[in-house]
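Below: one structure, written as structure tokens.
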Amino acid sequence: MYLPAQVSQSVSNCRELLFKVLVIGDLGVGKTSIIKRYVHHIFSQHYRATIGVDFALKVLQWDRDTVIRLQLWDIAGQERYGNMTRVYYREAVGALVVFDSTRASTFDAVLKWKDDLDSKVTLNHGRPVPAVLLANKADQAACTQTRLDAFCRDNGFVGWFQTSAKENSNIEEAAHCLVEHILSNEESHPTEREPAALVLSGYANATKEHLGCLSCPKR
């Protein structure tokens, strides 16, 4: 059972938001490593390829009145924008699109992933879900800022970051940037939903880490 972004009101008047965020990109670009680093603060060189889809949960204390729960959906790279991605994408409100800075072919595939995303899920007002581009493995190769600035502007990305799961660089900043855009869309086009409990497999033992509300830093 999938639960879309939701708002609930607790006894203490703390607003709780639940957002489904996709992490997509070609096989081996580091999607699982990014999620493990962000949620559990760990890194390994030896993750096995994700098969189908995996889940993780990140809890953010966004401000004194708002708690945000991010469902991070780790979509297997070998899905290759096929029919199953329609099921995985359903009700998502944001996406991180990842490529490997050391492999040009994975950057070439970015637009195919973005087009697949835009064709299969939209927000309730018909606009594309906000997507942030991650140039991963920045510890091994750097990307040209002017090139990616223009690329994101021309192709509907809300921003991009050079990230490294190994060195833990810019991952929290990228996630924060995406959440800010998700919140902006929610506030502009609010949706009424009934609160419900998380029942997705894998959430029971998810690590719940907390972040304060930070300004979106420069890369």
Side-chain angles (χ1 to χ4, degrees), residues 19 21-39 43 45 47 49-50 58 70 72-82 85 88-89 92-123 126-185 211 214-219:
F19 295 141
V21 170
L22 307 173
V23 184
I24 57 178
D26 270 9
L27 182 68
V29 296
K31 300 184 297 296
T32 300
S33 294
I34 286 171
I35 292 173
K36 293 288 188 182
R37 173 64 82 176
Y38 183 49
V39 175
F43 174 78
Q45 300 276 14
Y47 291 124
T50 302
K58 180 78 171 182
L70 295 183
L72 297 166
W73 286 52
D74 184 358
I75 309 297
Q78 61 264 44
E79 291 299 329
R80 300 290 298 184
Y81 14 95
T85 57
Y88 299 150
Y89 292 175
V93 294
L96 299 172
V97 184
V98 187
F99 73 95
D100 180 342
S101 298
T102 69
R103 294 160 55 207
S105 62
T106 65
F107 177 73
D108 294 339
V110 161
L111 286 185
K112 294 180 181 178
W113 284 102
K114 183 65 162 61
D115 289 344
D116 187 57
L117 177 71
D118 292 345
S119 69
K120 292 175 180 175
V121 62
T122 59
L123 300 177
R127 295 176 59 192
V129 300
V132 172
L133 181 64
L134 304 188
N136 197 35
K137 304 187 183 180
D139 54 290
Q140 300 179 41
C143 295
T144 305
Q145 179 171 346
T146 54
R147 178 192 180 194
L148 286 187
D149 283 347
F151 179 84
C152 289
R153 184 171 56 250
D154 294 343
N155 295 288
F157 289 91
V158 299
W160 72 276
F161 290 80
Q162 293 194 89
T163 60
S164 169
K166 182 178 181 180
E167 296 185 348
N168 193 24
S169 60
N170 286 332
I171 294 173
E172 291 187 358
E173 291 83 353
H176 182 95
C177 175
L178 180 61
V179 170
E180 284 192 326
H181 283 276
I182 293 171
L183 285 171
S184 176
N185 285 319
L211 293 175
L214 307 173
S215 60
C216 192
K218 296 181 180 179
R219 288 179 292 276

**OP:** Answer yes or no: is there a donor N or O on one side and an acceptor on the other, between the side chain of Ser164 and the main chain of Ala138, under 3.5 Å?
**Re:** no

Original post:
Just by distance, do the side chain of Lys31 and the backbone of Gly25 share a donor-acceptor pair under 3.5 Å?
Top reply: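 Checked: pair present.
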
Which heavy atom of [X] sits nearest to which heavy atom of [Y], and what is that distance?
X	Y	result
Arg37	Lys166	NH2-O, 2.9 Å
Leu72	Lys58	CD1-CB, 4.4 Å
Gly94	Ile182	CA-CD1, 4.1 Å
Ala141	Ser101	O-CB, 3.6 Å
Leu117	Ala131	CD2-CB, 4.3 Å
Val29	Lys137	O-CE, 3.9 Å

Check: [Y] and [X] side chains under 4.5 Å, non-hydrogen atoms:
X	Y	result
Leu123	Pro130	yes
Asn136	Asp100	no
Ile34	Val23	no
Asp116	Ile24	no

**OP:** Test side chain to side chain contact (heavy atoms under 4.5 Å, CB included) on Gln145 and Trp160 and set out the steps.
**Re:** CA-CA 9 Å; Gln145 179 171 346; Trp160 72 276; 3.7 Å; yes

**OP:** Determine, step by step, whether Trp113 and Asp26 satisfy the side chain to side chain contact (heavy atoms under 4.5 Å, CB included) criterion, reporting the C-alpha distance in whole Å, the side-chain angles of both residues, the deciding distance to 0.1 Å, and the verdict.
**Re:** CA-CA 8 Å; Trp113 284 102; Asp26 270 9; 2.8 Å; yes

Original post:
Going through the checks in order, is the side chain to side chain contact (heavy atoms under 4.5 Å, CB included) test met by Asn185 and Arg127?
Top reply: CA-CA 9 Å; Asn185 285 319; Arg127 295 176 59 192; 3.8 Å; yes

Original post:
Taking it one step at a time, do Phe157 and Leu148 satisfy side chain to side chain contact (heavy atoms under 4.5 Å, CB included)?
Top reply: CA-CA 10 Å; Phe157 289 91; Leu148 286 187; over 6 Å; no

Original post:
Could you go step by step and tell me if Asp118 and Lys114 meet the salt bridge (charged side-chain N to carboxylate O under 4.0 Å, His left out) rule?
Top reply: CA-CA 6 Å; Asp118 292 345; Lys114 183 65 162 61; 2.8 Å; yes

**OP:** Hey, can you tell me if Phe151 and Phe107 have their rings parallel, tilted or perpendicular (30° and 60° cut-offs)?
**Re:** tilted

From [X] atom [atom1] to [Y] atom [atom2], the distance as rounded to the nearest 0.5 Å:
X	Y	atom1	atom2	value
Leu133	Gln162	CG	CD	10.5 Å
Tyr88	Leu22	OH	CG	12.0 Å
Asp139	Glu167	CG	CD	4.5 Å

Subject >> Qualifying residue, where the test is side chain to side chain contact (heavy atoms under 4.5 Å, CB included) with Tyr38 and the options are Asn168, Leu70, Leu96, Thr163 >> reply: Leu70

